[in-house]
Amino acid sequence: LHLIVPRLLNTPALGWGDVKLLAVLGLWVGASGLPLLLLLATLAATPRSLWGIINRKRAAFAFGPYLVLAAWLVLLFKPTLWLLLYSFTR
């Protein structure tokens, strides 16, 4: 993500701190929890991002708290989240 997103958006997207945190959280939640972690963190950060776009304040904001929140949710509810996600794809 750290290498791909800047090329798509022509702007830096993730700092190295976010990348390191994601690596540690990925070890913590496991390979099966990593897609959920990224999805939940992105969904959690979307309102903040949209607020910045609407108010024309496109300043960078910390993504780490969203990663930690998503990791916590994945650790607590991984089986339930996978079932919920699967139900949306049927």
Side-chain angles (χ1 to χ4, degrees):
L1 288 175
H2 184 73
L3 299 174
I4 296 169
V5 173
R7 291 181 183 168
L8 295 174
L9 300 177
N10 293 327
T11 182
L14 289 175
W16 281 110
D18 294 327
V19 173
K20 293 174 189 175
L21 178 61
L22 184 59
V24 170
L25 293 175
L27 290 172
W28 198 23
V29 299
S32 66
L34 198 55
L36 283 172
L37 190 149
L38 286 171
L39 177 66
L40 290 175
T42 302
L43 291 175
T46 298
R48 166 56 180 92
S49 182
L50 291 175
W51 179 82
I53 292 170
I54 291 169
N55 291 321
R56 301 188 198 290
K57 295 180 181 179
R58 290 186 156 200
F61 63 94
F63 192 59
Y66 301 104
L67 289 171
V68 171
L69 173 67
W72 181 70
L73 290 172
V74 168
L75 283 172
L76 290 177
F77 305 110
K78 188 186 331 184
T80 306
L81 290 170
W82 274 121
L83 288 173
L84 182 66
L85 189 61
Y86 179 72
S87 70
F88 283 121
T89 60
R90 292 180 73 186

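Heads up: numbering here begins at 1 and tracks the sequence. Worth saying up front: this structure is predicted, and the values here are computed from it rather than measured.
Partners of Lys20 according to the side chain to side chain donor-acceptor pair (under 3.5 Å) rule, which considers only residues two or more places apart in sequence or in another chain, do not exist here. Legend: residues meeting side chain to side chain contact (heavy atoms under 4.5 Å, CB included) with Ala62, ordered by chain and number and at least two apart, are Pro65. When the side chain to side chain contact (heavy atoms under 4.5 Å, CB included) test is applied to Phe88, the partners found at least two apart in sequence or on another chain are Leu84. Remark: Thr46 pairs with no residue by the side chain to side chain donor-acceptor pair (under 3.5 Å) rule, at least two apart or across chains. In this structure Leu43 satisfies the side chain to side chain contact (heavy atoms under 4.5 Å, CB included) test together with Leu39, sequence neighbours excluded.
Nearest heavy-atom pair across Thr42 and Phe63 is N-CZ, 4.2 Å. The shortest heavy-atom contact between Ala70 and Ala41 is CB-N, 3.5 Å. Across Leu69 and Ala44, no two heavy atoms sit closer than the pair CD2-CB, 4.4 Å.
Under a hydrophobic clustering in which Ile, Leu, Val, Met, Phe, Trp and Tyr are joined whenever their side-chain heavy atoms come within less than 4.5 Å, directly or via other members, Leu34 and Val68 fall into the same cluster.
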Side-chain donor-acceptor distances from residues 71-83 under 3.5 Å, at least two apart:
residue, atom, partner, partner atom, Å
Lys78, NZ, Val29, O, 3.0
Lys78, NZ, Ser32, OG, 3.2
Trp82, NE1, Ser32, O, 3.2

